[in-house]
Amino acid sequence: MRNTATDIKSAILRLGSMSLAIVLLSVLALASIIGTVLIQNQEQADYLTQFGPLWYAVFKALGLFDMYHNWWFLSLLGFLMLSLSVCLWRHVPRMFKDMRNRKVIIADKSLQRFHHLHHWRLPGVSIEAIRAHIDAQLTGWKLQTAEKSGRTYIRADKGRYHKWGYILVHSAILVILTGGLMSVLLGLRGNMSVPEGASEKTIHFLKGSDMVSLDMPFEIRCNDFFIDFYASGQPKEFRSNLTIIDDGKEVLTADIIVNEPLFYKDVYIYQASFGDGGSDIRMKLFHMDGSQRTTTLKSNVYETYTDQKTGISLEFTNFSPFNIENMAAPGQPKQFQNLGPAVEFIVRGPGLKPVKIKSFMNPLIVNGENNGSFMLISLTGNASDYQPFYLGMDLTNPKEWQLFHAFNKRVTSNPESNDPQASLKAFRHALSEVYGNQKPEQIQILGGHIMQGMRALSNLPWPFIPVLEDYDQIYYTGLQLSSDPGMDVVWIGSTILMLGLCIMFYMPHRKVWLVLDPGDKDIRVSFGGMTNRNRLGFEREFHGLLTGLEQAFESATEKRSPA
Amino acid sequence: MTAVSAQLMSLETMNQGKIAFVRFYAYLGLIAGLAGLAYFGPGGYGGETDLLLFLSLDGISWGGIGAVAGLAVGAAISMLKPEWSDSKSASNLVPWLDGALLMILLAAVMALFEPNQALISYENQANLISGRIVMTMNMLFLFSAVSYIAYLFAPAAFIGQLATWSAWAGVYAGGSALLLRWYESYLISEEIGHAPVSNLYEVFILLFCITSIIYLGMERRYQAKALGAFVMTLVSAGVFFGIWLDSVGQGDIKPLVPALQSYWMKIHVPMNFIGYGSFAVACGAGTAYLFRHWLEGRGGYTRLLELFPTLDQLDQLAYKAVAIGFPAFTLATILGAAWAAEAWGGYWSWDPKETWALIVWLVYGAYLHARISHGWHGKTLAWWAVAAFLVTLFCFIGVNMYLSGLHSYGQLA
């Protein structure tokens, strides 16, 4: 019975041991690595394809996909808290005792063990004179004196409260972990997307591997969302104008930007992301059946338009009003240009390979020269595989579309269309048909447009060319809402931690002893010192004191014995 | 020669007693004045126009008044309580503040050589002169490393002096180049202007300077010149990486992404690099320890060994470096958490950078525990210091290169 009790006691004491602390810190460090290598909280299906069924099951059982909240990681943290508590419980009473009683009288044996030790024999000087010199040298030190069997013991301390550093640091970590626990248990953190003009009440967040939603006690309306750009095209600022609606009443309207959240009813509201909130899109379809016909299509981002007759569908995926690209050739100084609004969509149809298209509203203008309408086409569907496709004609100019048809009609009706002379003649006729007597400027460039159009359009597999005509942009603002009652506890813990670390590292406990032992002819003075930290610094300090004392003693003995 | 040493003597007295004390208070007043301007001044703290605010007439008057007031307070204290003016903190800190002032003056002089405003453009930054000063810094650090290594084999005082002075020159070049770069960012465009701690290239320069300063401070205090061969070699390795970064276009001044537009950046990042720099010095001391240990094991090499600090001293130097780095790194992590709380909605998100910062903290925490407990000797801890720095390096560079997360600063969405 007694045995088990002592066993338990020794086991508990072992929890606070230094070697366990080192092991725990190392294990926590190793475990933490896993979560940084394995991307956390992804879709389960992605993990399954990445690792295969066996390893997926193993990793899932070990909770590696939500590493920092699984039972064994949290147990490790709990174990750390336990170990810290035991450690404090074991050492703190002794430390308080040590700080309270500082023994002045030191045994000769202990003094001999000091790294720093010096002896003098001072003839013809009084104890009082020596004391006066010592007091003068040890300003700033806490002095205590005691006498025993004729000897005078002087003990001087600096940084007596060093051990508070240890106590504060270790308690601070307990406080921080407690704050963290409060955050996990009582805190709240989720996302909501609010389209411009709409309002939202529900936040979504991950719980384990499931997405959960929760209603907030108030509603947030997004009045407006702006993006401000630098001249070089990088985003400069994301700003949402929000109105909080509580109990049907508008209580607060404010702007938030990244780094400047809004605070309402214990909840912080952060600017976290943004995206297209279903912009209105108007496309112009240029039919390529030779009829010169164009039709208009109205849709929204995230919606799919299907052409009833051909079965071809356009799935609109994104809209961006600014598309700033570096137009310089590789190796040349950068030259940024805004290519204007563009819409992205996926074209599907019977017998067609689906492709992703980014269609620009404006023609491509490089160095003031109109290069005609263009689009980016990705055969794989990845944005990184976009290749420019030049349509030649500027489709925002209806005359060019007319001219293309007038020219095309003449060329196809003429069997000798390959003859350059004949095509030039056909182009002239087409020009006068479309423009009449008012000949356009830059006929050469116009000719280039039509020739490129002839080449390009024959390569397109679709019955029409979809070109962005107009838009009304609607953003959604991505907000993160969080409420964290543990946060203040963490800040308190952090302050204590810093305070403790400063005491621990920069206020080492330094102790020196001076033992005055009066003999027959002289007084024997022993001077010893020790520290628990920063030995190199103490060496200098001790040496400084030693030289000071040495000089003082020398002058004192010289004065007394002028022989 | 005597004239020079007399001058040095007078420099020494400049850093002691009343002169140091009063000067220290003048510096404190200057800093307080500028801080006051930043928070309470006309227009308040803009965050993005901070440097221009300090360089404006307001900045000069607030700073000037602060400095004069500090001077007066210092003078008054030293008259009324003369024993206070022997304070060690004043005489210890004043040389560093002098150095910082000198660095600012250097940058101001260099700024006179900037090209005409009309010739400065965002697209082509090659004509800005901070790039050339950074290259000078690179060369000085490389030269210093070579000199420190040469000193091990030809321990002439002259070579040692050359190594130390070139390292100091490198620190001043790097520091003033960064200050100049800060100013240049405003020359390019006021909306782009920001503190030069926003990308890998800039913080690399900061890291070289901080590492060198910490080492040089130790060299001065503890006469550990042989350590320079190890620390400055580490810095040189970084210098090559920096040159490569510049060659792939990472050296350009770029506008700040919204996530970085915060005053926290100016506090969190430099504080972090005080940690990283100290850990680099600890790694240098650990390597020197292992090298000396290896030399001792082989026997001979008495001449070389005489130059080295003893094993015990090297062990202590590594500890000293960690003792500077650990609190700084802890504070940097706490400040980072405070920033995260303000920008991301939570003080801790287990983002890879955060997690690796925790790992670094745990590794050095374990180092400190191992040192205090019994049974752990110099050699194990020297290895630990080296390995821990590798972990630090991964936290600093590896995470940005290999792991995704909130610290990658691509797009917001």
Side-chain angles (χ1 to χ4, degrees), chain A residues 18-19 21-22 25-26 28-30 32-33 35-37 39-40 67-68 139 180 183 187 189 230-232 234-238 257-261 268 270-275 328 333-336 478 480-482 484 487 490-491 494 497-498 501-502 504-506 533-537 540, chain B residues 83 121-124 189 191-192 221-222 254-262 264 312-313 316-317 319-320 323-324 326-327 330-331 334 337-339 341-348 350-352 355-356 358-360 362-363 365-366 369-370 372-375 391 399 403-405 411-413:
Chain A
M18 190 76 78
S19 34
I22 296 171
L25 294 181
S26 310
L28 266 175
L30 284 173
S32 301
I33 295 176
T36 67
V37 180
I39 300 173
Q40 299 285 293
M67 180 63 216
Y68 304 110
T139 41
S183 298
R189 199 168 164 190
Y230 291 104
S232 52
Q234 288 98 323
K236 184 183 172 190
E237 186 179 88
F238 306 102
I257 60 174
V258 181
N259 277 314
E260 287 177 26
Y268 278 100
Y270 298 87
Q271 179 68 60
S273 66
F274 70 95
K334 285 170 215 131
Q335 199 186 342
F336 291 102
Q480 184 168 85
L481 277 72
S482 87
D484 196 338
M487 190 130 81
V490 170
W491 298 145
S494 302
L497 177 63
M498 280 320 296
L501 281 176
C502 287
M504 217 162 154
F505 283 111
Y506 305 131
R533 287 283 160 84
N534 189 14
R535 266 164 42 207
L536 287 182
R540 290 159 56 94
Chain B
E83 67 271 17
S121 74
Y122 173 70
E123 285 74 22
N124 189 356
S189 137
E191 66 167 11
I192 284 181
R221 269 179 95 92
Y222 306 109
K254 298 218 172 70
L256 279 185
V257 297
L260 291 181
Q261 291 165 13
S262 168
W264 286 110
D312 186 47
Q313 277 167 338
Q316 287 292 319
L317 284 172
Y319 166 72
K320 276 222 74 122
I324 298 168
F326 191 74
T330 310
L331 183 58
I334 293 171
W339 186 4
E342 196 171 305
W344 297 334
Y347 55 85
W348 197 262
W350 294 104
D351 164 68
T355 311
W356 274 94
L358 175 70
I359 293 165
V360 168
L362 290 170
V363 167
H369 280 94
I372 294 156
S373 83
H374 304 289
V391 176
V399 172
L403 306 175
S404 63
Q411 289 274 358
L412 179 82

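Letters A, B, ... are given to chains in the order of the sequence lines, protein chains preceding strands, and every chain is numbered from 1.
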Worked check of side chain to side chain contact (heavy atoms under 4.5 Å, CB included) between S183(A) and Y347(B): CA-CA 10 Å; S183(A) 298; Y347(B) 55 85; 2.6 Å; yes

Which heavy atom of [X] sits nearest a heavy atom of [Y], and at what distance?
| X | Y | result |
| --- | --- | --- |
| P258(B) | P235(A) | CD-O, 3.5 Å |
| W491(A) | I334(B) | CZ3-O, 4.1 Å |
| Y270(A) | A341(B) | OH-O, 2.5 Å |

Which atoms of L481(A) approach chain B - backbone, side chain, both or neither, heavy atom under 4.5 Å: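 It is neither, since no heavy atom gets under 4.5 Å.
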
Do [X] and [Y] touch side chain to side chain, with heavy atoms closer than 4.5 Å?
| X | Y | result |
| --- | --- | --- |
| Y506(A) | P327(B) | yes |
| P261(A) | E342(B) | yes |
| S189(B) | Y230(A) | no |
| N259(A) | W339(B) | yes |
| W348(B) | Y68(A) | no |

Residue, of E260(A), M498(A), Q480(A), that accumulates the most heavy atom pairs under 4.5 Å with chain B: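 Top option by heavy-atom pairs under 4.5 Å: M498(A).
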
Atom pair CG/CG of L25(A) and L362(B) - distance to nearest 0.5 Å: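 Nearest 0.5 Å value for the CG-CG distance: 5.5 Å.
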
Value rounded to 0.5 Å, distance of CD1 in I33(A) from CD1 in I359(B):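 If we round to the nearest 0.5 Å, I33(A):CD1 and I359(B):CD1 are 4.5 Å apart.
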
Contact origin within W264(B) toward chain A - heavy atom pairs under 4.5 Å: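 Contact with chain A is absent: no heavy atom of W264(B) under 4.5 Å.
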
Proximal component of L331(B), with respect to chain A [non-hydrogen, under 4.5 Å]: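 The answer is both parts of L331(B).
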
Side chain to side chain contact (heavy atoms under 4.5 Å, CB included) between W350(B) and T36(A), worked out: CA-CA 8 Å; W350(B) 294 104; T36(A) 67; over 6 Å; no

Which of I192(B), L358(B), L256(B) touches chain A most, by non-hydrogen pairs under 4.5 Å: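 Ranked by heavy-atom pairs under 4.5 Å with chain A, first place is L256(B).
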
R221(B) side-chain N/O to G537(A) backbone N/O, donor-acceptor pair under 3.5 Å: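 The answer is no, because no donor-acceptor pair under 3.5 Å joins these two groups.
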
Q261(B) side-chain N/O to K236(A) backbone N/O, donor-acceptor pair under 3.5 Å: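 Such a contact is found between Q261(B) side chain and K236(A) backbone.
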
